[in-house]
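Side chains included, hydrogens not; waters and symmetry mates left out as well; all remaining heavy atoms used.
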Amino acid sequence: MNKINVKKKQILQSKGSLHSQAYIVESGLLRSYTIDENGKEHIFMFGPEGWIVTDYAAADEPCDLYIDALEDSVVIQIEKNTELEIDHKKIVKRMRVLQRRVIMLMSASVIERYAHFISTYPTIAQRVPQYMIASYLGITPEALSAAKSQHLKHLK
């Protein structure tokens with residue numbers, strides 16, 4: 001384990017790397033994402049304080065995801081083959097969030113996806129550009145704008 005300071009926009013991992021690691025975010029904000037054959041980014045997850053960001057490839061397999069810093073951050077870098085005492089409750093919670101997200105992407109309306117995003121990441125909306133939220137939700141920035149308007153009307 002190694003505590004490191006990461007600058008905004010610093011890439012911690014590139015797709016295809018064989019040196020995949022896990023990062024526990026102490027402060028700041030990371031994201032993991034992929035880039036399709038057309039050059040479009042698709043955000044897999046945001047990693048605010050207290051979250052673990054990693055590519056789920058085995059330690060000796062090529063990574064599928066890029067990981068970078070959206071803010072200056074302090075992270076604990078962990079080698080994938082390191083034996084750690086794991087907090088199973090946190091792992092189960094993270095898997096539950098991912099499972100809900102996949103189900104939402106398959107079946108929920110844009111407004112429902114946005115509401116779920118806000119409840120999952122309550123502070124992220126003010127910390128990242130709108131196009132990143134749209135990418136995470138699998139929608140266009142225009143659809144996000146409409147969803148935000150609908151969400152605000154629903155709250156009134």
* Sole candidate of Val128, Thr123, Val53 that passes side chain to side chain contact (heavy atoms under 4.5 Å, CB included) when paired with Leu29 ->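 Of the listed options, the one satisfying the test is Val128.
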Is it true that a side-chain atom of [X] and a backbone atom of [Y] form a donor plus acceptor pair closer than 3.5 Å?
X: Arg113; Y: Tyr136; value: no
X: Asp36; Y: Asn38; value: yes
X: Ser14; Y: Ser17; value: no
X: Asp72; Y: Lys8; value: yes
X: Ser149; Y: Ser145; value: yes
X: Tyr23; Y: Leu30; value: no
X: Gln13; Y: Leu65; value: yes
X: Glu49; Y: Gly28; value: yes

* Would you please test Ser32 and Asp55 for side-chain contact (heavy atoms from CB on, under 4.5 Å) and show each step? => CA-CA 8 Å; Ser32 60; Asp55 185 295; over 6 Å; no
* To do: Show your working on side-chain contact (heavy atoms from CB on, under 4.5 Å) between Leu70 and Met132 and close with a plain yes or no.
  => CA-CA 10 Å; Leu70 296 175; Met132 286 186 184; 3.5 Å; yes
Quick check for you: to the nearest 0.5 Å, what is the distance between [X] atom [atom1] and [Y] atom [atom2]?
X: Arg101; Y: Phe44; atom1: CZ; atom2: CZ; value: 7.0 Å
X: Arg100; Y: His116; atom1: CZ; atom2: NE2; value: 6.0 Å
X: Thr54; Y: Ile24; atom1: OG1; atom2: CD1; value: 10.5 Å
X: Thr34; Y: Ile43; atom1: OG1; atom2: CD1; value: 11.5 Å
X: Cys63; Y: Lys15; atom1: SG; atom2: NZ; value: 11.0 Å
X: Asn2; Y: Gln21; atom1: CG; atom2: CD; value: 8.5 Å

Are [Y] and [X] connected into the same hydrophobic cluster when the rule is that any two of I, L, V, M, F, W, Y join if their side-chain heavy atoms are below 4.5 Å apart?
X: Ile118; Y: Ile103; answer: no
X: Met45; Y: Leu105; answer: no
X: Tyr66; Y: Leu98; answer: yes
X: Met104; Y: Ile133; answer: no
X: Val74; Y: Leu12; answer: no

[X] to [Y] - nearest heavy-atom pair and separation:
X: Glu112; Y: Ala108; result: OE1-CA, 3.3 Å
X: Ala69; Y: Val6; result: CB-CG1, 3.5 Å
X: Pro48; Y: Ile124; result: CB-CD1, 4.0 Å

* Asked: Phe46 vs Tyr121 aromatic rings, parallel, tilted or perpendicular, using cut-offs 30° and 60°?
  -> perpendicular
* To do: Salt-bridge test for Arg31 and Asp68: reply yes if a basic N is under 4.0 Å from a carboxylate O, no otherwise.
  =>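 Judged by the 4.0 Å cut-off on N to carboxylate O distance, Arg31 and Asp68 do form a salt bridge.
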